[in-house]
Peer 1: 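One structure follows; several queries about it will come next.
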There are 2 protein chains.
Amino acid sequence: MSTAQETADGEAQPWGEVTPDAARRLLLAAVEAFAERGYHATTTRDIAGRAGMSPAALYIHYKTKEELLHRISRIGHEKALDILRTAARAEGSATERLADAVSSFVRWHAGGRTTAKVVQYELDSLGPEARAEILGLRRQVNAEVRGIIEDGVRSGEFDVVDVQGTTLAVLSLCIDVARWFNVNGPRTPEEVGALYADLTLRMVGVADAGQR
Amino acid sequence: MSTAQETADGEAQPWGEVTPDAARRLLLAAVEAFAERGYHATTTRDIAGRAGMSPAALYIHYKTKEELLHRISRIGHEKALDILRTAARAEGSATERLADAVSSFVRWHAGGRTTAKVVQYELDSLGPEARAEILGLRRQVNAEVRGIIEDGVRSGEFDVVDVQGTTLAVLSLCIDVARWFNVNGPRTPEEVGALYADLTLRMVGVADAGQR
DNA sequence: GGGCTCGCTAAGCGCCCGCTCACCCTCGGC
DNA sequence: GCCGAGGGTGAGCGGGCGCTTAGCGAGCCC
């Protein structure tokens, strides 16, 4: 293992920034438990148990159970936004940038399915202020993808009638990967990423999408 | 209101088959509560209260809270399967049938978002046997869409490399509508259905999808 | 019109939840 | 060697959960 940011199973660990060690272990345990059972079905005893600690230990590092979800959600959304921003601002045509954005975004959802599931589907379990903060990040996510599509329309690469509707559809397609992807299934995250990049280019009207 | 199957807001009510009246009111209250807060965050007192009854009344008509979810999920999946079957077995080219299937499936998810959200996203809250039964229905849903796409590939209408992957993507796109659709948003279910039918045809390589 | 059934309620049981509190161990500073 | 701070534990509180039970009133049968 080269750095503390990677584990053997290949799932990127954006939790390196979480310290001290016990707080990170609790966060990781919470991610697993929330992904398996959902936020409301997960007990603080379950989280603490997975981290090898007593239930009370959780409250040394986090004020409430909701703070755990909030932290997970924010860090996850920042990572997702970072992935899309990197792809959107790279060199290359809109076609290349859209394909890169979709394939890396999908790889993140498939490879880090545990985290992605919590990040994408437990938003409603947050309180009003926390949810509002996260919704701000989601608007930025939307804006990055819409930006690429607008570039492609302007340059004539894409043929899109409803830019915002298509943006929503592209994001929707990527996000839903976290719901159905199965680590033990027949497809690797890379394969799904490549397939989805192709499908997305077709959606925006790139003629020879299949031949890329 | 012409029949008991329709309400003023236009959302189809597949609950007509649920009797007696009190059982149907409880089921409807449960759908609303599960959609708003999620299964685990909903209490039996909340469901009974929405239906204007005491908490104990619930247990006259349903053995457990989970039975409510199971009933909702089965009826909803049967309705979804029915919609796709009707479109898949209609007269017409694969192109026409796929467009019809997607647009009506999307209209159902958008127009009946409350129900669809519960049906599509609360599956994991069911126990093992109930979940297994519902997964059987989902396989049939998958098979209907895959059937249309295979027809289109055979007839030369579609250009699809990965049939099952594309099927998954099409279904994924439709299902995720239940997550983001907003009844008070700028789009009607019909508009989203039409847009998604177009995007889907592009995904399967129908050349003049935009001009239909 | 007496009695049975059915749909429903008021009250509450037992359990487990999120969270707290009093206390303990370890370790660095002097 | 003593002390304080910080990370940890065992026990448990208050409360709300899913669900049960005893009983009540309206309607139907004969």
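Proteins come first, then strands; the chains are lettered A, B, ... in the order of their sequence lines, and each starts at number 1.
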Peer 1: So, is B:His61 near the phosphate of C:dC8, with a side-chain N or O under 4.0 Å from OP1 or OP2?
Peer 2: yes
Peer 1: In terms of side-chain heavy atoms of B:Ala57, which of C:dC8, D:dG12, D:dG18 is nearest?
Peer 2: C:dC8
Peer 1: Whole Å only: how far is the CG atom of A:Asp46 from the P atom of C:dC16?
Peer 2: 14 Å
Peer 1: Look at B:Glu36 together with B:Arg50 and state whether they make a salt bridge at an N to O cut-off of under 4.0 Å.
Peer 2: yes
Peer 1: Using heavy-atom distances to pick each residue's nearest nucleotide on DNA chain C, tell me which of A:Thr43 and A:Lys63 is more 5'.
Peer 2: A:Thr43
Peer 1: Whole-Å distance between D:dG18 P and B:Tyr62 OH?
Peer 2: 16 Å
Peer 1: When you get a sec, tell me which of D:dG8, C:dG18, D:dC19 is the closest nucleotide to the side chain of A:Ala22?
Peer 2: D:dG8
Peer 1: Within this structure, what is the NE2-to-P distance between A:His40 and D:dG18, rounded to whole angstrom?
Peer 2: 12 Å
Peer 1: Counting only side-chain nitrogens and oxygens, does A:Tyr59 get under 4.0 Å of the OP1 or OP2 atom of C:dT20?
Peer 2: no
Peer 1: Consider the side chain of A:Ile60, meaning its heavy atoms from C-beta on, and name the nucleotide among C:dG18, C:dC8, D:dG8 that approaches it most closely.
Peer 2: D:dG8
Peer 1: Taking for each residue the nucleotide of DNA chain D bearing the nearest heavy atom, is the 5' side occupied by A:Ser54 or by B:Tyr39?
Peer 2: A:Ser54
Peer 1: Considering only side-chain heavy atoms of A:Arg45, which listed nucleotide, D:dC19, C:dC8, C:dG18, is closest?
Peer 2: C:dG18
Peer 1: Applying side chain to side chain donor-acceptor pair (under 3.5 Å), run through B:Asn142 and B:Arg146 and close with a yes or a no.
Peer 2: CA-CA 6 Å; B:Asn142 185 302; B:Arg146 196 178 56 231; 3.2 Å; yes
Peer 1: Any Lys/Arg nitrogen of A:Asp151 or A:Arg97 sitting under 4.0 Å from an Asp/Glu carboxylate oxygen of the other?
Peer 2: yes
Peer 1: In this structure, how many angstroms lie between the C1' atom of D:dG16 and the NZ atom of A:Lys65, rounded?
Peer 2: 14 Å
Peer 1: Among D:dG8, D:dG18, C:dC19, which nucleotide has an atom closest to any side-chain atom of B:Thr44?
Peer 2: D:dG18
Peer 1: Roughly how many Å is it from CZ in A:Arg25 to P in D:dG8, rounded to a whole number?
Peer 2: 7 Å
Peer 1: From CG of A:Leu69 over to P of C:dG18, roughly how many Å is that when rounded to an integer?
Peer 2: 13 Å
Peer 1: Decide yes or no on salt bridge (charged side-chain N to carboxylate O under 4.0 Å, His left out) for A:Asp46 and A:Arg37, but give the supporting numbers first.
Peer 2: CA-CA 11 Å; A:Asp46 184 20; A:Arg37 304 210 227 282; 3.1 Å; yes
Peer 1: What I want to find out is whether A:Glu144 reaches A:Arg89 closely enough, with some N-O distance under 4.0 Å, to be called a salt bridge.
Peer 2: yes
Peer 1: Quick one: A:Leu58 CG to D:dG8 C1', roughly how many Å, whole number?
Peer 2: 13 Å
